[in-house]
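Chain naming here is simple, since letters A, B, ... match the order of the sequence lines and numbering starts at 1 in each.
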Amino acid sequence: MSERRKPYPFDQIEPKWQTIWEERQLFHALNPGEKNFDPSKPKFYILDMFPYPSGAGLHVGHPEGYTATDIVARYKRMRGFNVLHPMGWDAFGLPAEQYAIKTGEHPATTTRANVAKFKAQLKRIGFSYDWQREINTTDPRYYKWTQWIFLQIYNSWFNAKANKAEPISTYRGPAPDRVRLAYVADVPVNWCAELGTVLANEEVVDGKSEIGGFPVVRRPMRQWMLRITAYAERLLNELDGLDWPEGIKLLQRNWIGRSEGAEVDFSVAGIDDRGYKIRVFTTRPDTLYGATYMVLAPEHSLVDLIVTEEQWPAVREYRERAARKSDLERTELAKEKTGVFSGAYAVNPVNSERIPIWVADYVLLGYGTGAIMGVPAHDERDLVFARKFHLPIREVVRPFGGEDPIGFVGEGIAINSPVIDGLPSREAIRKITAWLEELGLGKGAINYKLRDWLFSRQRYWGEPFPIVWENEKHRAIDQNELPVVPPPLDDYKPIGTGEPPLTRAREWVRYSDNALRETNTMPQWAGSCWYYLRFCDPQNDKRFVGEEAERYWMGGDKPGGVDLYVGGTEHAVLHLLYARFWHKVLFDLGYLSKPEPFQRLVNQGIVLGEDNQKMSKSRGNIVNPDDVIDQYGADAFRCYEMFMGPLEQMKPWSMRGVEGISRFLARVWRLLMTENQAGEWELSTRLKEADPTSAQTKITHATIKKVTEDIESLSFNTAISQMMIFVNAFTNAETLPLSAMRIFLVLLNPFAPHLTSELCQKLNSKFGDNVSDTTEQKWPDYDERFLAEDEVEMVIQVNGKVRDRMKVSILATEDEVKSIALANARIQRLVNGKTVRKIVVVPKKLVNVVANE
RNA sequence: GCCGAUGUGGCGAAAUGGCAGACGCAACGGACUUAAAAUCCGUUGGGCCGUAAAAGGCCCGUGCCGGUUCGAGUCCGGCCAUCGGCACCA
């Protein structure tokens with residue numbers, strides 16, 4: 001790159017102001033109770049999704065959201081808010097561990113280096129984070145409290161009557177270990193041999209690990225689980241009070257997947273009638289009379305008990321094959337339904353009919369009861385299955401329209417169903433459910449797709465569990481033994497048997513003579529589930545967050561505490577759902593003041609490469625912020641990130657675009673500065689303490705209004721457009737009124753803080769007001785009076801087409817406007833020979849003359 | 001398959017149901033310059049009529065088809081395309 005002359009000296013200005021801000025700690029937020037804390041100011045908590053500090057450093061996608069929040073943070077400070085705007089590191093996770101496996105270097109070392117790199121990059125952009133609140137999930141002083149929160153979850157149960165979590169001590173039933181919110185279970189898990197670990201469903205994509213793309217198989221293992229399903233209903237309902245994009249709420253609703261229906265008991269018609277009952281879940285109990293067969297999931301516990309002698313070999317073989325299927329195979333083979341007859345029959349409780357019981361893997365053990373009734377006439381999957389295995393098909397719903405009842409899954413009229421014949425589906429469902437309940441054959445039930453959260457990982461680089469095992473039983477270690485710090489290892493490789501790497505540290509594992517430590521670690525989500533709470537009070541070593549600090553920053557009159565949370569859609573379900581879950585547990589236990597963590601959520605769009613493709617190393621289209629800043633400066637970088645287009649939209653990067661923005665900032669600079677003969681910049685002589693013209697006042701106030709409203713609605717691109725219009729309007733002005741320039745610098749400050757601070761300082765040195773720095777100034781108010789005009793230009797339309805314009809006093813009545821329009825020569829010509837049918841007047845906008853032959 | 005988002009100049013985009021394309025990029029022309037860069041000024045959706053050239057005039061145009069309305073990029077119905085999510089959840 002050739003050494004180009006800088007359009008303005010950003011390379012000197014930017015480091016200078018960053019140093020000043022650092023020295024003065026201008027962006028440090030005080031907590032209630034601290035010296036100089038001003039309780040009269042309202043609070044504003046604005047949060048970014050904190051990054052995983054990878055070795056690759058930032059690319060221009062990261063700072064998009066960060067710039068948006070920084071603008072809002074700076075704006076809110078000027079508006080007189082106490083602003084909490086922190087940043088930290090989500091630093092546990094697989095990449096550092098993989099690197100450790102390769103190099104033997106401790107993950108903490110790589111993490112430290114990566115954090116330093118990320119932090120330096122962020123600082124260069126001039127973000128106004130309160131770095132005194134920086135946190136790192138891998139810091140023992142942080143994960144001590146992650147472990148502490150786990151213990152709260154472990155020591156709680158969900159009281160369904162109260163619909164909330166309570167300390168396990170309030171549980172009166174037997175076997176408290178069975179109701180804890182954190183529990184151990186042997187569950188079929190997604191085992192990834194390559195990574196040597198179990199993965200959550202969400203971390204498996206198309207049967208392969210999300211990280212690395214390695215094959216994943218199902219395998220039963222003893223795992224820690226968190227009972228998030230207890231909160232399904234609240235996680236669903238309490239979305240309503242949040243200001244989140246509807247699309248994201250919908251994603252969560254679908255993920256939780258509530259469905260209402262009934263559980264119905266079918267008895268097994270065995271020769272020796274052992275009285276087994278099989279419970280099925282259905283959303284359509286009104287189709288009970290259409291059940292012509294039943295299906296059990298291959299893993300269903302009753303399969304063993306009901307299978308007949310002659311069917312046993314076939315069933316056993318089928319089960320084994322199903323168990324061996326990887327997720328990948330299951331997905332790929334989803335189209336072709338398989339199954340095997342068990343030899344047994346069930347009795348349909350509504351009509352005592354004997355129907356065959358099949359075993360098929362299209363029924364999932366983990367959902368509902370793991371058993372279904374097959375109603376081929378009114379369920380697509382059942383229809384496919386029935387046709388393949390030649391099972392009878394019986395219509396029990398007649399569509400309202402004339403559609404074919406076979407395969408009809410909508411609502412209609414119940415037929416061939418004595419108890420509910422002639423009733424529309426909804427009523428039929430209600431009636432048959434009541435009927436089943438009355439006879440003790442079933443009951444209304446609700447099911448969720450949401451599963452409990454698989455919470456353990458066989459990894460090194462994660463939070464160890466504060467749990468020890470004694471006589472095959474788990475128990476919590478004492479709170480004052482926290483944090484549980486993982487031991488250093490020589491070898492971080494997975495053991496391969498499914499045993500976690502921590503097993504290697506024999507000394508560490510031996511907790512006492514008869515107790516061993518839990519060697520699993522927590523998943524990466526753990527640390528990010530509550531970091532927003534720690535930011536409120538990051539140095540507190542007595543509590544995970546101080547009560548007063550939590551009440552202040554996480555308070556307010558809305559259900560959610562964080563006022564604005566910005567991040568990518570990729571966390572729409574998992575992170576946001578897990579964090580809400582932990583928050584609710586802590587809320588129930590009385591540690592928090594609001595039931596939800598994040599009141600307003602905004603997703604920034606993905607930044608694509610210049611080639612309109614997703615940025616990736618292999619495409620070679622990654623743009624590094626450092627390069628952009630070297631060439632154009634941080635202010636231009638920030639402004640371009642915002643000028644690209646709407647925050648939430650996906651949009652491509654363009655270096656030409658950065659250049660355009662950089663030209664704009666240079667125009668701002670040269671508006672107030674001129675270069676003298678010696679090539680030095682000095683204040684323009686056009687700057688005067690003069691009254692602005694009325695046109696100048698008007699555009700100034702229009703700009704205040706537009707920029708203010710656009711920041712509030714996060715429409716930063718149009719705010720910048722308006723400021724460009726402002727600058728264009730003043731570029732050739734003979735006199736630059738100081739007052740207008742000062743206002744403009746404040747408006748531009750959140751976007752280009754370095755440039756505006758420098759210019760403000762230059763103005764102060766000459767005009768000597770008692771103003772220290774733009775970042776500490778008040779946000780200007782606009783006055784509607786200056787925006788109003790005496791006259792407006794109105795459009796005259798004939799039949800909806802613009803034909804002319806006219807200047808009209810804003811005081812003109814509708815009738816006056818009409819007659820001026822009709823008197824217009826051009827309009828007369830067009831209307832000539834036609835009859836005017838109607839005249840529409842939109843005040844201050846237009847007149848539409850409707851005329852025809 | 002189901003759900004959601006998006007679709008406007010050469011490009012990024014803007015428009016409480018009221019002048020489509022603000023602002024920026026690119027391109028072109030001009031000024032400044034020995035020259036270039038930078039800067040400043042101007043032109044720039046398409047087609048047609050008009051004129052010596054202008055001025056001026058008309059028509060079409062926001063993915064496609066239809067509707068509501070005096071008036072639709074915007075509202076309603078139906079399609080198409082791209083992107084994202086879910087995917088045997090009974």
A:Thr703 (side chain) donor-acceptor with A:Ile699 (main chain) under 3.5 angstrom: yes

[X] side-chain proximity, nearest of [options]:
X: A:Lys801; options: B:C60, B:G18, B:A14; answer: B:C60
X: A:Tyr367; options: B:C88, B:A90, B:G18; answer: B:A90
X: A:Val795; options: B:A90, B:C19, B:C41; answer: B:C19
X: A:Arg670; options: B:C86, B:C23, B:U39; answer: B:U39
X: A:Leu251; options: B:C41, B:A14, B:G85; answer: B:G85

Is [X] touching bases, backbone alone, or none of the nucleic acid, heavy atoms closer than 4.0 Å?
X: A:Met650; result: sugar-phosphate
X: A:Ser259; result: sugar-phosphate
X: A:Lys449; result: base
X: A:Asn717; result: sugar-phosphate
X: A:Asn732; result: sugar-phosphate
X: A:Val802; result: sugar-phosphate
X: A:Leu846; result: base

Using atom [atom1] in both nucleotides, what's the gap between [N] and [M] to the nearest angstrom?
N: B:C65; M: B:U74; atom1: P; value: 13 Å
N: B:G24; M: B:A31; atom1: P; value: 23 Å
N: B:A15; M: B:G73; atom1: C1'; value: 9 Å
N: B:A13; M: B:G7; atom1: C1'; value: 13 Å
N: B:A90; M: B:U6; atom1: P; value: 28 Å

Base-paired stems in RNA chain B, each at least three Watson-Crick or G-U pairs under 3.5 Å: B:1-7 with B:80-86, B:10-12 with B:23-25, B:27-31 with B:39-43, B:45-49 with B:56-60, B:63-67 with B:75-79

Salt-bridge contact A:Glu675-A:Arg670 (side-chain N to carboxylate O under 4.0 Å): no

Qualifying residues under salt bridge (charged side-chain N to carboxylate O under 4.0 Å, His left out), relative to A:Glu814, sequence neighbours excluded: none

Nearest-Å distance for atom pair CD/P, residues A:Glu263 and B:A90: 13 Å

Between P of B:A14 and CG of A:Leu714, the distance in whole Å: 14 Å

Cation-aromatic face contact A:Lys337/A:Phe385, 6.0 Å, 45 degrees: no

If you restrict it to nitrogen or oxygen atoms, what contacts under 3.5 Å exist between nucleotides 69-75 of chain B and the protein, and what is each distance?
unit_1, atom_1, unit_2, atom_2, d
B:C70, OP1, A:Lys838, NZ, 3.3
B:C70, O2', A:Asn848, ND2, 3.4
B:C70, O2, A:Asn848, ND2, 2.4

Between the protein and nucleotides 56-58 of chain B, are there any N/O to N/O pairs under 3.5 Å, and if so, what are the atom names and distances?
unit_1, atom_1, unit_2, atom_2, d
B:G57, OP1, A:Arg826, NH1, 2.7
B:G57, OP1, A:Arg826, NH2, 3.2
B:C58, OP1, A:Arg803, NH1, 3.3

Collect all protein-nucleotide pairs involving nucleotides 24-27 of chain B in which both atoms are nitrogen or oxygen and the distance is under 3.5 Å.
unit_1, atom_1, unit_2, atom_2, d
B:G24, OP1, A:Asn728, ND2, 3.1
B:C25, OP1, A:Arg663, NE, 3.0
B:C25, OP1, A:Arg663, NH2, 3.0
B:A26, OP2, A:Arg663, NH2, 3.1

Under 3.5 Å, which protein N or O atoms sit close to an N or O of nucleotides 1-11 of chain B? Give each pair with its distance.
none

